[in-house]
Amino acid sequence: MSSIDIMIVEPFQDLAEVLSTACRKKGFSTCTAQTAQEAVHMADRYSPKIIILELIIPSHNGLEFIHEYRSYPEWLDTPIIIYSHIAPSELGMDEKMLKEMGITAHFYKPTATLSELIKTVETTFESINI
């Protein structure tokens with residue numbers, strides 16, 4: 001099994017490519033998935049160190065994906081960064097609940113910048129590779 005740094009779960013291919021390019025410019029290896037099922041298969045194949053996740057994905061929502069993903073013991077500690085059109089306030093979860101799910105950060109797409117997201121990816125990557 002090969003390993004990659006970041007798996008991007010994003011249904012819009014153009015945005016997934018923008019995110020992937022930004023991550024690769026910082027030296028990270030990436031793969032992308034458009035659906036929850038594809039993401040599980042990619043995770044099994046590539047064992048990502050970090051996941052960037054849109055919560056609005058086909059066939060499963062992002063929270064269902066997180067629950068399924070976390071059901072595998074080898075994936076319990078993978079940091080997940082949410083980058084979504086769903087605002088944190090719409091989830092109805094407090095900071096503690098998000099941390100318990102292994103969610104490192106939650107960015108709301110309409111207000112977050114790409115540089116903020118990438119900075120969080122870098123910081124998260126550094127913290128897991130100490």
K.L.:
Looking only at heavy atoms, what is the nearest atom pair of Ile4 and Ser29, with distance?
P.N.:
CA-OG, 3.4 Å

K.L.:
side-chain contact (heavy atoms from CB on, under 4.5 Å), that's the test. Do Ile6 and Leu19 meet it? Break it down for me.
P.N.:
CA-CA 10 Å; Ile6 302 164; Leu19 296 173; over 6 Å; no

K.L.:
Within a strict 4.5 Å, meaning less than it, do heavy atoms of the Arg70 and Ile80 side chains meet?
P.N.:
yes

K.L.:
Any idea which heavy atoms bring Val121 and Ile50 closest together, and the distance?
P.N.:
O-CD1, 3.8 Å

K.L.:
Closest approach of Val40 and Glu68, non-hydrogen atoms and distance?
P.N.:
CG2-OE2, 3.8 Å

K.L.:
Could you go step by step and tell me if Glu116 and Phe107 meet the side-chain contact (heavy atoms from CB on, under 4.5 Å) rule?
P.N.:
CA-CA 9 Å; Glu116 289 173 317; Phe107 291 95; 3.9 Å; yes

K.L.:
What residue among Ile52, Asp5, Leu117 forms side-chain contact (heavy atoms from CB on, under 4.5 Å) with Cys23?
P.N.:
Ile52

K.L.:
State whether the number of non-hydrogen atoms from other residues, nucleotides or ligands found under 6.0 Å of Gln13 atom CD is greater than 12.
P.N.:
no

K.L.:
Considering only NZ, NE, NH1 and NH2 on the basic side and carboxylate oxygens on the acidic side, decide whether Glu17 and Arg24 come within less than 4.0 Å.
P.N.:
yes

K.L.:
Do the side chain of His106 and the main chain of Ser84 share a donor and acceptor less than 3.5 angstrom apart?
P.N.:
no

K.L.:
Of Thr104, Ile128, Ile51, which meets side-chain contact (heavy atoms from CB on, under 4.5 Å) against Thr78?
P.N.:
Ile51

K.L.:
Once rounded to the nearest 0.5 Å, what's the spacing between atom CD1 of Ile56 and atom CD1 of Ile86?
P.N.:
4.0 Å

K.L.:
Over 60° means perpendicular and under 30° means parallel, so classify the ring planes of Tyr69 and Trp75, tilted if in between.
P.N.:
parallel

K.L.:
Please give me the minimum heavy-atom distance between His85 and Glu90, naming the atom from each residue.
P.N.:
O-OE2, 4.4 Å

K.L.:
Any chance you could lay out the side-chain contact (heavy atoms from CB on, under 4.5 Å) test for Leu98 and Leu91, step after step, and finish with the verdict?
P.N.:
CA-CA 10 Å; Leu98 294 174; Leu91 286 180; 4.2 Å; yes

K.L.:
Would Tyr108 end up clustered with Leu114 when hydrophobic side chains under 4.5 Å apart are linked, directly or stepwise?
P.N.:
no

K.L.:
Would you say the side chain of Leu15 lies within less than 4.5 Å of the side chain of Lys109, judging by non-hydrogen atoms?
P.N.:
yes

K.L.:
Ignoring hydrogens, what is the shortest heavy-atom contact between Ala33 and Met42? Give both atom names and the distance.
P.N.:
CB-CG, 4.3 Å

K.L.:
Quick one: pull up SG in Cys31 and NE2 in His41 and give me the separation to the nearest 0.5 Å.
P.N.:
13.0 Å

K.L.:
Any idea which heavy atoms bring Gln37 and Pro58 closest together, and the distance?
P.N.:
OE1-O, 4.4 Å

